[in-house]
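Contents: one structure, followed by commentary.
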Amino acid sequence: MKNIVILISGTGSNMAAIVRAAEQQRWAERLDARVAAVISNRPDAKGLLTAREAGIATAAVDHKAFADRQAFDAALMAEVDRHAPSLVVLAGFMRILTPGFVAHYDGRLINIHPSLLPAFPGLHTHQRAIDMGCRVAGATVHQVTAELDHGAILAQAVVPVLPDDTADTLAARVLTQEHLIYPRAIGDLLSVL
Ligand code: GAR
């Protein structure tokens with residue numbers, strides 16, 4: 001069985017979309033894969049509750065409890081590796097990972113970013129797209145490399161930017177598409193892993 005470990009920091013709506021797709025599309029039978037665990041760097045992340053309600057193992061590794069990034073990443077790695085993952089999925093995980101962590105999961109660590117990469121890596125993507133006068137925005141699923149929001153692109157979705165959009169209205173439109181492309185990209189990847 002291929003284990004998927006999902007890392008979150010907050011609401012976990014992408015995680016929930018992946019869990020839903022795994023159930024509805026019967027990944028266990030069709031792809032020999034399952035969501036084995038959901039792990040957050042924030043003990044109060046709403047998504048942990050959602051995952052527990054879906055019967056998935058959860059854990060929190062609180063970044064505030066560690067002196068530096070290296071120590072946090074080592075603890076996170078130990079927690080992730082307990083589940084022997086074939087795929088590690090960042091889904092709204094808002095911590096920058098050390099090169100050592102990224103190298104450890106080379107080729108099996110993916111992320112979703114709320115912009116059309118390579119445009120707008122980093123934070124505040126929606127406001128930056130509006131400020132630049134972009135006519136379209138979107139989201140990107142990509143392999144994670146040591147460079148932030150880089151790595152081979154696996155899937156993208158495009159949405160229009162409307163004249164009276166705010167960062168929030170645009171984010172909501174993009175998020176709807178994230179929920180479609182992320183499970184699809186993971187399903188595609190699992191079938192070749
Ligand atoms: C999503 O829009 C995701 O693309 C973004 O955070 C949101 C998490 O929502 N990720 C990043 O900004 C990563 N740098 P969710 O917790 O409801 O899935």
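Numbering of ligands and ligand atoms starts at 1, following listing order.
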Does E178 reach the main-chain N or O of A157 with its side chain, forming a donor-acceptor pair under 3.5 Å? no
Ligand 1 polar-atom proximity to protein (N/O, under 3.5 Å):
| from | atom 1 | to | atom 2 | distance (Å) |
| --- | --- | --- | --- | --- |
| ligand 1 | 2 (O) | E178 | OE1 | 3.2 |
| ligand 1 | 2 (O) | E178 | OE2 | 2.9 |
| ligand 1 | 4 (O) | E178 | OE1 | 2.7 |
| ligand 1 | 4 (O) | E178 | OE2 | 3.4 |
| ligand 1 | 16 (O) | G12 | N | 2.8 |
| ligand 1 | 17 (O) | S13 | N | 2.8 |
| ligand 1 | 17 (O) | S13 | OG | 2.5 |
| ligand 1 | 18 (O) | S13 | N | 3.4 |
| ligand 1 | 18 (O) | N14 | N | 2.9 |
| ligand 1 | 18 (O) | N14 | ND2 | 3.0 |

Should E23 and R20 count as an ion pair when the cut-off is N to O under 4.0 Å? no
Atom pair CZ (F101) and CD (Q70), whose distance is rounded to the nearest 0.5 Å: 12.0 Å
Can a donor-acceptor pair be found, under 3.5 Å and without considering hydrogens, that links the side chain of T11 to the backbone of S13? no
Please check: side-chain N/O of R173 versus main-chain N/O of V161, any donor-acceptor pairing under 3.5 Å? no
According to the interplanar angle, ranging from 0 to 90°, do the rings of H63 and F72 count as parallel (below 30°), tilted (30 to 60°) or perpendicular (above 60°)? perpendicular
